[in-house]
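Written below as structure tokens is the structure these notes are about.
Predicted model, so just to flag it, every value in this text is computed and none were measured. Order of appearance sets the numbers: ligands from 1, and atoms from 1 within every ligand.
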Amino acid sequence: MTSSILFVCLGNICRSPLVEAVARRRFADAGLSIEVDSCGTGGWHVGQGADERSIRVAEEAGYRLRDHRVRQLAVDDFRRFDALLAMDDDNLAVLRASSPPQYRDRAILFLDAAGLDEYAPPIVPDPYYEDLDAFRHVLKLAEQGVDGLIERLRRGVPLVAPSRAATR
Ligand code: 4NP
């Protein structure tokens with residue numbers, strides 16, 4: 001059973017806060033009681049709010065992002081969360097390298113966990129050096145990905161290995 005999910009990107013200002021905001025709302029709307037949080041593998045922006053562009057596209061779509069505060073990945077996160085869902089391969093590599101061995105299976109790509117097969121590779125691209133359209137694309141992936149997670153959670157499909165490997 002999955003009862004807690006941590007969304008992970010590089011800076012915790014653009015992608016993972018947006019995915020967290022979408023997940024918080026849509027899980028609640030779906031009646032799923034799942035703890036959600038987000039963090040960054042890097043520590044440059046710790047304590048800051050989300051990127052203004054993420055806040056803008058979130059608010060355009062009715063999600064709240066003003067209260068977000070950046071935090072960095074902590075080693076205790078691997079014990080605390082059932083699934084640590086990375087936005088891209090770099091974030092995933094850092095997660096896997098930082099994880100205590102017994103929790104390493106809990107870290108996978110967000111879009112992979114969501115079962116979104118149409119995106120190859122299944123990553124949420126870093127929009128930091130891009131324009132607002134890149135942030136709107138992140139929001140679209142966040143909504144599709146979260147809906148994919150909801151669909152799997154409703155079916156009782158574990159999001160992460162080892163049992164997930166047998167059910168994909
Ligand atoms: P995020 O985007 O990982 O989606 O939050 C970035 C945020 C900050 C930086 C890079 C990506 N940075 O280089 O500071």
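Heavy atoms of His45 come nearer than 4.0 angstrom to ligand 1 in at least one pair.
The shortest N/O to N/O separation between Asn12 and ligand 1 falls below 3.5 Å. Looking at Pro127 next to ligand 1, no N or O pair under 3.5 Å apart turns up.
Among all protein heavy atoms, the one lying closest to atom 12 (N) of ligand 1 is Tyr128 CE2, 3.6 Å. If you check which protein heavy atom lies closest to atom 4 (O) of ligand 1, you get Arg15 NE, 2.7 Å.
By the 4.5 Å heavy-atom criterion applied to side chains, Ile5 and Phe81 are not counted as neighbours. Counting heavy atoms from C-beta outward, Leu153 and Phe27 have side chains that approach closer than 4.5 Å. A 4.5 Å side-chain heavy-atom check between Val160 and Asp105 finds every atom pair outside the cut-off.
Applying the 4.0 Å criterion to heavy atoms of Ile13 picks out, from ligand 1, the atoms 5 (O), 7 (C), 8 (C). Applying the 4.0 Å criterion to heavy atoms of Asp126 picks out, from ligand 1, the atoms 2 (O), 6 (C), 10 (C), 11 (C). Shown in contact with Leu10 at under 4.0 Å from a heavy atom are these atoms of ligand 1, numbered in order with element: 3 (O), 10 (C), 11 (C). Those atoms of ligand 1 with a heavy atom of Gly11 less than 4.0 angstrom away are 1 (P), 3 (O), 5 (O), 7 (C).
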| Full working for side chain to side chain donor-acceptor pair (under 3.5 Å) between Ser3 and Asp82 | CA-CA 7 Å; Ser3 59; Asp82 297 322; 3.0 Å; yes
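Nearest approach of Pro125 to Leu141, heavy atoms of both residues: CD-CD1, 3.7 Å.
The closest donor-acceptor contact from the side chain of Ser98 to the backbone of Val94 lies under 3.5 Å.
Using modelled atom types, one finds no donor on one side chain facing an acceptor on the other under 3.5 Å when comparing Glu20 with Tyr63.
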